[in-house]
Amino acid sequence: MLNLRETIDRQVSLALGDLLSAEEAPLALCSLSRPGFLDYTLSLPMKLARTRHQAPVVIADELQPAVAGMACAGLAEAVAPGYINIQLSDTFVADQLSSMLGTDPAMLLQKAGNSQKIEVEFVSANPTGPLHVGNGRGAALGSVLATLLETQGYDVDREYYVNDYGSKMKFFTESIAHYLFPMMGLEHAMPEEGYHGAYVSDLAQAIFDRKGSELRSLLEEQRLAAIEEDGKSLVLASIRQALEEMGVSFDTWFSERYLIENGWNDRVLQQFRDRGVVYEKDDAVWLRSTDFGDDKDRVLVRRDGEPTYTLTDAAYHFNKFHRGYVKSIDVFGADHIGHILPMQALMKSLGLPDGFLEVIIYQIVHFLRGGQRVVLSKQTGEIIELADLVREVGKDQARVFFLLSSADSELEFDLEVAKRNSLDNPAYYLKYTYARLCSVERQSRGIGAVVPSVASPVDVSRLTTAEDRELLKCLLKAQDEVDDAARTRQPHRILYLASELAKSVNAFYQKEKVIQEDADLAQARMLLVLASQRLLQAYAHVLGVTLPESM
RNA sequence: GGGCCCAUAGCUCAGCUGGAUAGAGCAACGGAUUUCUAAUCCGUCGGUCGCAGGUUCAAAUCCUGCUGGGCUCGCCA
């Protein structure tokens with residue numbers, strides 16, 4: 001689809017070229033009108049009033065003829081206090097809508113792009129246990145953002161960073177060993193910071209069943225290594241499955257251990273040394289990150305010679321850069337808020353391009369049942385694993401509910417509302433609306449009516465009611481809004497666009513008969529129905545939800 | 001104490017190139033159906049956009065300072 005704002009702005013700047021100075025020209029930007037004021041609006045006259053020492057209405061009157069002459073404009077009005085309102089021409093509108101019918105909905109919002117490689121890293125929970133319900137928000141945001149960026153023509157990879165190295169992993173392994181060793185007549189103490197969930201003993205049992213005898217013959221160190229390997233792969237399998245059930249998949253599962261075993265830590269440390277940004281103190285190697293905006297210097301290599309997470313994180317992003325990504329967008333929960341400053345300092349100290357790393361932080365999720373907040377824990381007997389949540393409310397409902405507010409805001413997720421099959425459930429509302437649109441199409445074809453197609457000209461001048469025009473605007477602004485959502489990295493806006501479209505569709509449907517005697521009007525309305533149907537499907541594609549053709 | 005996020009209708013939240021009358025869902029109340037699926041739609045009620053300054057022709061939106069809430073400040077990851 002065309003980004004109409006860009007299209008109109010181009011025509012405006014062409015039409016007003018001689019009437020505006022070089023300083024004034026950039027101010028000529030249109031926006032969608034509010035209901036009752038045609039389709040698009042220029043507030044340019046008010047912006048010019050001061051410097052031109054003229055009343056806005058006078059300027060509006062002066063510019064109006066040129067605007068009215070634009071190819072895409074059917075009508076242009078200069079109105080007080082100083083706007084020029086534009087109604088798109090019928091042929092222009094008809095072209096836009098018809099072109100929507102000839103495009104695969106999955107490609108409808110697709111812009112020709114530069115094919116730059118962008119990586120979206122999200123979820124990336126430690127492989128030391130199953131995903132928690134809270135991880136669902138990151139999964140939804142990250143996966144929708146990735147698809148959203150694809151509409152902009154980027155070559156997007158979805159990546160999960162597997163933190164399979166370091167102390168957390170060690171505690172995880174020893175926790176399993178604590179349960180597993182007794183099965184072999186041995187003992188292993190539960191570490192202080194060990195993992196206690198029931199899943200740990202389940203893992204121990206599973207590993208024992210698989211290779212208990214083999215383990216017995218190994219030395220202690222090899223034994224632990226084998227347990228770690230098996231524990232990790234079992235947990236990752238469960239994580240992968242939970243995500244798949246939520247409709248989330250990854251192109252890459254990137255191992256932290258890989259970085260270390262393949263010299264990336266050494267390589268990035270050398271990079272730091274070459275850039276002269278490290279020093280030694282207290283037998284540790286430090287990064288002078290305060291030179292790059294950090295609030296304190298960071299240890300890269302601990303006194304015991306082990307790399308810190310900071311060093312490995314630097315290596316990880318250095319590696320991303322060398323894999324050819326122009327940008328890495330990392331989606332983290334609010335508990336990682338303190339990591340942004342040091343991470344950005346890392347990027348700077350490595351000499352990576354400004355803006356290479358973007359971090360999206362999402363705030364916490366509160367879960368409710370029937371309006372009452374619930375604490376999800378083993379103690380309360382409530383679900384705690386993401387997989388259980390998805391099974392309880394369903395994939396599409398889970399995705400939609402995790403997108404109900406902006407990542408910057410905290411989110412309330414009502415489990416009862418999410419699984420209810422009623423219209424106050426936004427996921428259900430979208431499905432219902434799509435089914436309704438499909439039903440109208442079926443009925444129309446069923447009675448042998450002429451249904452608009454890409455090639456057939458349709459007289460959209462027949463679309464004159466408030467409901468017609470509002471639905472029309474929802475369709476025309478789609479690409480503008482999607483582009484904005486992608487640019488500002490706000491996947492939730494796609495859900496709001498879809499909901500708004502659905503609302504306009506239902507208001508239109510209720511008020512205006514589509515199938516009727518007046519064949520021209522029927523066809524014009526059918527064009528709206530079909531375009532809406534495709535657009536709703538296009539939004540659903542970005543959101544990763546499935547819409548049924550009938551319910 | 002420092003950093004980041006939030007504060008908009010009774011509740012949950014949208015509102016992002018600063019523009020005309022601040023929107024939706026839920027809740028409450030009242031209407032519209034021999035239906036192109038009423039599983040819907042419409043209307044009413046409801047807002048000093050946390051407070052105070054500032055910039056601007058114009059501020060929920062930008063800037064500053066407060067207040068309240070959340071997250072976070074390790075040679076863990």
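Here is the naming used below: chain letters follow the sequence lines, and residue numbers restart at 1 for every chain. Because only heavy atoms are used, hydrogens play no part in the values below, and waters and symmetry mates are left out as well, while side chains stay in.
A:Asp520 pairs by the side chain to side chain contact (heavy atoms under 4.5 Å, CB included) definition with A:Arg462, A:Asp518, not counting sequence neighbours. Under the side chain to side chain donor-acceptor pair (under 3.5 Å) criterion, A:Glu412 pairs with A:Arg373, sequence neighbours left out. With sequence neighbours left out, the salt bridge (charged side-chain N to carboxylate O under 4.0 Å, His left out) criterion links A:Asp483 to A:Lys111. Partners of A:Arg298 by salt bridge (charged side-chain N to carboxylate O under 4.0 Å, His left out), not counting sequence neighbours, listed by chain and number: A:Asp294, A:Asp295. Every side chain to side chain donor-acceptor pair (under 3.5 Å) that A:Ser43 has, sequence neighbours left out, goes to A:Lys47. A:Lys431 pairs by the salt bridge (charged side-chain N to carboxylate O under 4.0 Å, His left out) definition with A:Asp396, not counting sequence neighbours. Evaluation of the salt bridge (charged side-chain N to carboxylate O under 4.0 Å, His left out) rule for A:Lys473 yields A:Glu470 as partners, not counting sequence neighbours.
In this model, the phosphate group of B:C41 is approached by a side-chain N or O of A:Tyr429 to a distance below 4.0 Å at OP1 or OP2. In this structure, A:Ser409 reaches the B:A14 phosphate: one of its side-chain N or O atoms is under 4.0 Å from OP1 or OP2.
Applying the side chain to side chain contact (heavy atoms under 4.5 Å, CB included) test between A:Leu44 and each of A:Ile84, A:Val12, A:Ile59, A:Leu63 identifies A:Leu63 as the sole match.
Legend: ring pair (Phe, Tyr, Trp, His ring centres under 6.0 Å) pairs involving residues 411-437 of chain A, not counting sequence neighbours, sorted by first then second residue: A:Phe367-A:Phe413, A:Phe401-A:Phe413, A:Phe402-A:Phe413. Sorted by first and then second residue, the ring pair (Phe, Tyr, Trp, His ring centres under 6.0 Å) pairs involving residues 22-48 of chain A (not counting sequence neighbours) form an empty list.
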Revision key, fill the gap. Per-nucleotide protein contact along nucleotides 20-29 of chain B, 5' to 3', at a 4.0 Å heavy-atom cut-off (B base, S sugar-phosphate only, - neither), is BB-SSSS---
Review point. Along nucleotides 71-77 of chain B, 5' to 3', which nucleotides get a B, which get an S, and which get a -, given that the test is a protein heavy-atom distance under 4.0 Å?
Key: BSS-BBB
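If you take SG on A:Cys72 and CD1 on A:Ile8, they are separated by 5.0 Å, rounding to the nearest 0.5 Å.
Among the atoms of the strands shown, none is found under 4.0 Å from any heavy atom of A:Ala407. Across all strands shown, A:Leu29 has heavy atoms under 4.0 Å from base atoms, whether or not it also approaches the sugar-phosphate. Contact annotation for A:Glu512: base contact, defined as any heavy-atom pair under 4.0 Å involving a base atom. Counting non-hydrogen atoms under 4.0 angstrom, A:Ser439 reaches a base of the nucleic acid. Using a 4.0 Å heavy-atom cutoff across all strands shown, A:Met169 reaches no nucleic acid atom at all. Within 4.0 Å of A:Leu404, counting heavy atoms only, lie sugar-phosphate atoms of the nucleic acid but no base atom. Here A:Ser31 lies in heavy-atom contact (under 4.0 Å) with a base.
Between the base of B:C16 and the side chain of A:Gln490 there is a donor-acceptor pair shorter than 3.5 Å.
In RNA chain B, consecutive stretches of 3 or more Watson-Crick or G-U wobble pairs with both distances under 3.5 Å are given as paired ranges: B:1-7 with B:67-73, B:10-13 with B:23-26, B:28-32 with B:40-44, B:50-54 with B:62-66.
Residues A:Val514 and A:Arg487 each lie close to RNA chain B; by heavy-atom proximity, the contact nearer the 5' end of the strand is made by A:Arg487.
Residue A:Arg50 has its side chain nearest to B:C57 when only B:C57, B:A14, B:C16 are considered.
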